[in-house]
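Scope of the values below: all heavy atoms of this structure, side chains included, with no hydrogens, waters or symmetry mates.
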Amino acid sequence: MIQIGRLELDLQARELRLGGLPARIGSRAFDILEILIRANGALVSKEEIFRTVWPDTIVEENNLQVHMSALRKTLGDDRDLIITVPGRGYRFVGLDIPGGVLVNTVRAEDDADAPGTRARHNLPLHSSTLFGRQRTIEEASGLLAHAPVVTLAGAGGIGKTRLGIEVARRQLSRFPDGVWLVELASVTDPHLVPQAIAEACGLKFLSGPSTPERIADALNGLHVLLLLDNCEHLIDTVAYAVETLIQRNSRLRALVTSREPLRIAGEQQYLVAPLEVPPPGAEVGAVPGYAAVQLFLSRARAIEPRLTTEAKTVECIGEICRRLDGIPLPIELAASRAATLGIGSLLHRLDDRLNLLTGGHRTALPRHQTLRATFDWSYAMLEPNCQAVFRRLAVFTGSFTLDAACAVARGHGADAACTTDHISELVEKSLLTRGADSALTRFRLLESTRSYAFDKLDHEGERHCTSAAHAAYLLGRLETMQAARAPARSGSNGALPDELDDVRAALDWAFSGHGDLDLGIALSALAVPMMLDLGLLEECRERTSRALSAWEASAQTRAPPLHEASLRTLEAICARFPQDSSYPDVCVAHELMDTLTPSASPANTGKLILFGRH
């Protein structure tokens with residue numbers, strides 16, 4: 001409905017009212033009036049009117065003059081709203097009337113998902129195939145039936161926009177007054193958010209700014225669904241706008257896509273998960289059935305239709321999708337590279353994924369054209385202290401606890417509470433994942449996210465100090481467990497096996513050219529018994545040998561003598577068992593180690609050294 005002073009124009013019903021009373025108007029005159037109003041005060045040439053009102057028909061200019069005269073006669077006292085620009089065309093000048101608002105009433109064609117209905121929307125007509133998202137679509141659609149706001153949240157490139165469009169498309173029959181996509185990716189000024197919402201809904205306020213309150217009043221009573229896409233960089237403004245809209249219109253629903261939730265009353269958050277990937281060792285015949293692999297094959301074959309699916313190729317594709325964590329955007333970027341590099345070469349180059357995965361669609365958002373740009377977008381929205389915590393978390397190779405993150409990632413002078421706040425923010429912004437499968441919450445960075453964080457850590461020159469803090473934390477953990485007489489047996493304590501990869505990474509760093517030998521020797525003396533208990537006899541041999549070599553080669557080492565005694569004992573125990581020893585044999589070795597645990601007693605230390613020499 002268009003309202004301008006006493007003039008009311010219903011474009012859908014093609015009806016004109018003046019002062020609330022219906023006015024008779026011819027079809028051509030109505031078309032001309034609609035064209036002039038939609039021009040929003042701009043000049044409309046005679047040629048444009050002829051092309052629109054009389055397409056493919058040659059008419060005389062006086063024909064237009066006749067219809068214009070009839071239109072002005074119908075408007076009566078409002079005839080001066082239309083002015084003639086001699087020799088050029090016509091303008092409608094009533095668009096500055098206070099309180100005037102234009103409401104879009106143009107309807108789209110019948111939607112395929114809602115036969116028999118006339119749905120109004122501005123959703124894209126064509127989109128790519130969605131793989132593995134049917135359950136997600138159904139669950140998100142179900143939430144919209146009960147919650148006024150549903151936010152599809154998730155990491156960059158996980159497919160929130162595509163998913164949101166599909167969910168919105170399924171709602172066309174439920175929202176007869178319109179399903180409107182509000183694209184906010186290119187909006188940089190928060191003050192323009194209400195204007196973007198108004199334009200998407202077809203609202204044009206004839207005076208004064210667009211505000212959430214005015215939009216809510218214009219949509220009052222209408223059954224409308226708004227899809228607000230890419231909101232994370234405008235999160236505060238969008239949150240206020242959406243909350244205002246839903247509070248003033250109980251029939252309005254909002255579907256939001258963002259890397260973090262709005263955190264408003266009535267919001268239901270839905271975390272968009274990665275696509276399912278084949279587990280390590282999956283049967284080759286089952287690999288193509290996983291959604292991530294299906295997406296890869298679809299995109300790769302769009303570039304190279306001759307792509308084969310022999311066993312080795314399928315196995316490599318499964319590994320690529322697994323290493324890319326099932327995130328659609330990097331999988332699509334990788335698939336585009338497969339045509340030129342080959343599947344095997346692509347897999348081998350994934351360690352350099354930030355430079356490798358480029359070349360997205362030309363029409364895509366800039367931040368979706370390369371993997372690095374996707375992370376740059378999220379990183380830039382973090383304040384400096386939160387950026388520092390994020391990049392320092394890169395030293396954790398697997399999952400980690402909140403205490404571990406606070407010990408390693410907090411900056412100089414920062415307290416644990418501040419670091420905890422930053423951890424929460426990173427989870428909210430989908431840069432950090434939180435596990436929910438145990439009583440003790442553990443966090444982790446996805447592999448691609450960790451690669452980016454490591455890149456930033458190197459760029460800031462913080463890798464050495466952060467790696468040292470990481471190794472020192474793990475050494476303290478092992479010392480605490482030893483003091484509490486809680487050896488890391490897989491059957492009795494599951495904490496240290498979860499951190500085994502971190503211990504390995506810390507040992508590798510400590511004995512590297514830029515590491516800390518003292519930390520490495522001390523950590524080896526406490527970590528190798530853990531590895532022995534887990535049956536990793538060959539790794540025990542290698543780790544013990546490297547630590548003792550470092551001890552002997554470093555004349556200035558400050559590692560305690562008890563660490564050397566432990567390592568000598570471990571070396572001797574490992575030497576007593578062949579490489580193919582069974583796990584029960586290793587358990588015996590660990591029991592032997594328990595009986596010879598060093599203490600502060602010089603006699604015990606000497607006993608250990610003598611044992612190591614036998």
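L228 is not listed as a side-chain neighbour of L255, based on a closest heavy-atom distance of 4.5 Å or more. Considering only heavy atoms from C-beta on, T374 stays 4.5 Å or farther from Y452 through its side chain. Residues H422 and E383 are in side-chain contact: their nearest non-hydrogen atoms beyond the backbone lie under 4.5 Å apart. Y473 is not listed as a side-chain neighbour of C406, based on a closest heavy-atom distance of 4.5 Å or more. Two residues are said to be in side-chain contact when any heavy atoms from C-beta on lie closer than 4.5 Å; D458 and R391 fail this criterion. The side-chain heavy atoms of E447 and P330, taken from C-beta on, include no pair separated by under 4.5 Å. You'll find the side chain of L130 reaches within 4.5 Å of the side chain of I137, heavy atoms only. The shortest side-chain heavy-atom distance between F454 and L457 falls under the 4.5 Å cut-off.
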Checklist entry - What's the verdict on salt bridge (Lys or Arg N to Asp or Glu O under 4.0 Å) for K429 and E232, showing C-alpha distance, side-chain angles and the deciding distance? => result CA-CA 8 Å; K429 293 182 182 298; E232 58 272 357; over 6 Å; no
Next on the checklist: D229 vs V182, test: side chain to side chain contact (heavy atoms under 4.5 Å, CB included). Steps then yes/no.
Outcome noted: CA-CA 6 Å; D229 186 39; V182 185; over 6 Å; no
Checklist entry - What's the verdict on salt bridge (Lys or Arg N to Asp or Glu O under 4.0 Å) for E139 and R135, showing C-alpha distance, side-chain angles and the deciding distance? => result CA-CA 6 Å; E139 290 176 345; R135 180 178 177 182; 2.9 Å; yes
Next on the checklist: Test salt bridge (Lys or Arg N to Asp or Glu O under 4.0 Å) on R133 and E166; report intermediate values, then the result.
Outcome noted: CA-CA 10 Å; R133 293 301 197 194; E166 192 58 35; over 6 Å; no
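No donor-acceptor contact under 3.5 angstrom links the side chains of R323 and S448, judged on distance only. Counted by atom type alone, S345 and R349 present one or more donor-acceptor pairs between their side chains at under 3.5 Å. Side-chain contact check for R442 and S399: at least one donor-acceptor pair (N or O, by modelled atom type) lies under 3.5 Å.
With rounding to the nearest 0.5 angstrom, the CG atom of L245 is 11.5 Å from the CG atom of N220.
One N or O on the side chain of R253 and one on the backbone of S250 form a donor-acceptor pair closer than 3.5 Å. Between the side chain of R322 and the backbone N or O of P278, at least one donor-acceptor pair lies under 3.5 Å. With N249 contributing its side chain and A216 its backbone, the two residues share no donor-acceptor pair below 3.5 Å. In this structure, K160 contributes its side chain and G154 its backbone to a donor-acceptor pair below 3.5 Å. Listed for the R214 side chain is a donor-acceptor partner under 3.5 Å among the backbone atoms of P209. The closest donor-acceptor contact from the side chain of E267 to the backbone of R263 lies under 3.5 Å.
A side-chain contact (heavy atoms from CB on, under 4.5 Å) with I317 is found for exactly one of I343, L346, V287, L347, namely I343.
Aromatic ring centroids of H464 and W509 lie under 6.0 Å apart.
Salt bridge present: R372 and D455 bring a charged side-chain N and a carboxylate O closer than 4.0 Å.
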